[in-house]
Amino acid sequence: MSDVQEATNQLLDVNLHENQRSIQVTESGLRSESEHLQVTIGATVPTGFEQTAADEVREKLGSPCKISKDRGKIYFDISVESLAQVHCLRSVDNLFVVVQEFKDYQFKETKEEVLKDFEDLAGKLPWSDPLKIWKINTCFKKKKTKHKKINQNSSKQKIESGRGDKTDERDVKKEFTNNVLDSQILDYYENAAIKEEISTLVGDDLTSCKDETEESSKEETDPEVLKFRVTCNRAGEKHCFSSNEAARDFGGAVQDYFKWKADMTNFDVEVLLNIHDNEIVVGIALTEESLHRRNITHFGPTTLRSTLAYGMLRLCAPQPTDIIVDPMCGTGAISIEGATEWSNCYHIAGDNNPLAVNRAANNISSLLTKSQVKEGKLSWGLPIDTIQWDICNLPLRTGSVDIIVTDMPFGKRMGSKKRNWNLYPACLREMSRVCRPGTGQAVLLTQDKKCFIKALSGMGHLWRKNKTEKDLLGD
């Protein structure tokens, strides 16, 4: 019996209210209707690695993949039988099923007209198939785990208050960007020319006129009513409305259409309204938590996302028996990702900081324990070792390494930009020594572009730069 059949066998009846009519989705009905169901899946990926993610989709799912004009997103078509495999992709962060895409949406001239169109749009969308996928997906998605949260109240209050002046939007963008940097150091992908807004519909915006006692009483008497929220992602300079206004009016129409209850935190369904210039994509989220949260349990000051680590490794196309080294491993994210996906290679994670080496070792141990619990038997281990060393004096034989993949210090949270002027040239020289002549590769991530380009300019006899501008090939 397939995963999808097992999932559908366990489904309970759910009422999906459409235009005040109740549609019963039963076990047998859902199974028979979904056998040949084809849908479009959207995925967010690390910006700059869209092509890498698209290649993985084609390789593992056999599906054609489209890279969106909205950076950091890809789209591909699948049958419902492939839904479980989609959750196993290593290069994607979040998933959603597309309800409908408008490639050249014609916005009206005034804000009132645009928002009225958003309200009318909710009742015209083909919700049926995406909601079936959402229901089946509940058996596959990873439940959100509790993490130590960054204080985001100030930015949320600004977004939710509905203030649309330019000063507030810039403040929100700055604070949101800082929050992203706190969870993922990378901000190299930010395009200052594009204004990005993210807004989430709050239940209070829709129900402020209702008495709280009535709401709690209604919830007790009608427990099967789904809870939802609308999240609007907007990018573009020519919009006459804010993300908050779009989420509020579109979300209000969704609530009227389905008779769902708005809830910002304890929601069942997250409806996405993605707007990029004249392109609109309406979707339903399939992930509660980003898929990059999979390997790391011991975090450091600069923990690399596992999805980004996979993308960097994939650029090298590792071959069996390759020796892959991360000489500045931090938490070991790159080497751990490599050891789990390319287990026929040998991975070495090293760092000059004993705390970093200890964190990497603990992450490896945690992953092995998790694997043993999941499989119910002892694990043979992973093809990976950790070691403390000096990046400028590696204890490795000359020409012994096939691939080097590392996240270099940006000079912000680790090291300093001044120190990088000496560190980068020394690192490149030592890496060239240990790499195999002619076939050795290095994929290096840095934000200190000026320093890196300067260091690389004097290494023409040792390295040549690949067209991807992320990949350095040993000469």
Side-chain angles (χ1 to χ4, degrees), residues 181 184-186 188 295-306 308-309 312-313 316 323-339 345-367 382-436 440-452 454-456 458-459 462-463 470 472 474:
L181 290 177
Q184 174 200 7
I185 293 300
L186 308 170
Y188 71 94
N295 296 333
I296 306 303
T297 54
H298 296 73
F299 296 86
T302 56
T303 300
L304 197 69
R305 289 192 175 203
S306 295
L308 187 57
M312 294 173 68
L313 284 158
C316 303
I323 296 176
I324 305 175
V325 175
D326 180 359
M328 293 178 275
C329 69
T331 58
I334 293 174
S335 297
I336 291 174
E337 185 67 24
C345 299
Y346 176 57
H347 305 264
I348 305 176
D351 204 290
N352 71 329
N353 189 332
L355 294 177
V357 175
N358 188 51
R359 275 192 292 264
N362 286 334
N363 282 322
I364 295 169
S365 177
S366 296
L367 189 63
L382 291 170
I384 182 174
D385 277 318
T386 59
I387 185 173
Q388 183 180 352
W389 59 25
D390 178 5
I391 176 59
C392 299
N393 188 23
L394 297 174
L396 300 172
R397 293 196 305 270
T398 299
S400 62
V401 174
D402 297 288
I403 296 171
I404 291 177
V405 183
T406 197
D407 178 15
M408 301 182 76
F410 297 169
K412 291 185 176 181
R413 297 192 171 202
M414 295 293 291
S416 67
K417 284 185 174 290
K418 184 177 180 181
R419 186 186 171 198
N420 285 350
W421 288 98
N422 294 323
L423 178 64
Y424 280 20
C427 288
L428 289 173
R429 278 192 294 270
E430 184 65 359
M431 289 177 190
S432 70
R433 181 187 69 80
V434 300
C435 271
R436 296 190 192 279
Q441 303 178 70
V443 176
L444 311 176
L445 179 67
T446 181
Q447 267 192 326
D448 197 348
K449 296 180 181 178
K450 185 177 179 180
C451 180
F452 184 78
K454 176 66 176 177
L456 189 61
M459 302 284 169
L462 299 175
W463 296 103
K470 299 180 185 73
L472 300 180

Quick check for you: to the nearest 0.5 Å, what is the distance between [X] atom [atom1] and [Y] atom [atom2]?
X	Y	atom1	atom2	value
His298	Leu355	NE2	CG	12.5 Å
Arg436	Ser400	CZ	OG	6.5 Å
Ile296	Leu304	CD1	CG	9.0 Å
Leu423	Cys392	CG	SG	5.5 Å
Trp463	Arg429	CH2	CZ	13.0 Å
Asn358	Asn353	CG	CG	10.0 Å

So, do [X] and [Y] sit near enough that their side-chain heavy atoms are less than 4.5 Å apart?
X	Y	answer
Ile403	Ile323	no
Cys329	Ile334	no
Pro395	Ile387	yes
Thr406	Leu444	yes
Ile324	Tyr346	no
Val357	Trp389	no
Lys454	Tyr424	no
Leu445	Met312	yes

Exercise. Would Ile364 and Ile384 satisfy side chain to side chain contact (heavy atoms under 4.5 Å, CB included), going step by step from the backbone distance to the final call?
Worked result: CA-CA 8 Å; Ile364 295 169; Ile384 182 174; 3.6 Å; yes
Would the distance check show the side chain of [X] and the main-chain N or O of [Y] forming a donor-acceptor pair, the cut-off being under 3.5 Å?
X	Y	result
Ser366	Asn362	yes
Glu430	Ile391	no
Gln388	Asp351	no
Arg359	Thr331	no

So which atom in [X] and which in [Y] form the shortest heavy-atom distance, rounded to 0.1 Å?
X	Y	value
Leu462	Ser432	CD1-OG, 3.5 Å
Pro327	Met431	CG-CE, 4.1 Å
Ile336	Ala360	CD1-O, 4.3 Å
Phe452	Met408	CE1-SD, 4.1 Å

If only side-chain N and O atoms count, and only distance matters, is there a donor-acceptor pair under 3.5 Å linking [Y] with [X]?
X	Y	result
Thr297	Asn363	yes
Ser335	Asp326	no
Glu337	Asn295	yes

For this session: For side-chain hydrogen bond (donor to acceptor under 3.5 Å, both in side chains), just list the numbers for Thr398 and Arg433, CA-CA rounded to whole Å, side-chain angles, deciding distance to a tenth of an Å, and then say yes or no.
Result: CA-CA 5 Å; Thr398 299; Arg433 181 187 69 80; 3.0 Å; yes
Problem set entry | Working for side chain to side chain contact (heavy atoms under 4.5 Å, CB included), residues Val405 and Val325 | CA-CA 6 Å; Val405 183; Val325 175; over 6 Å; no
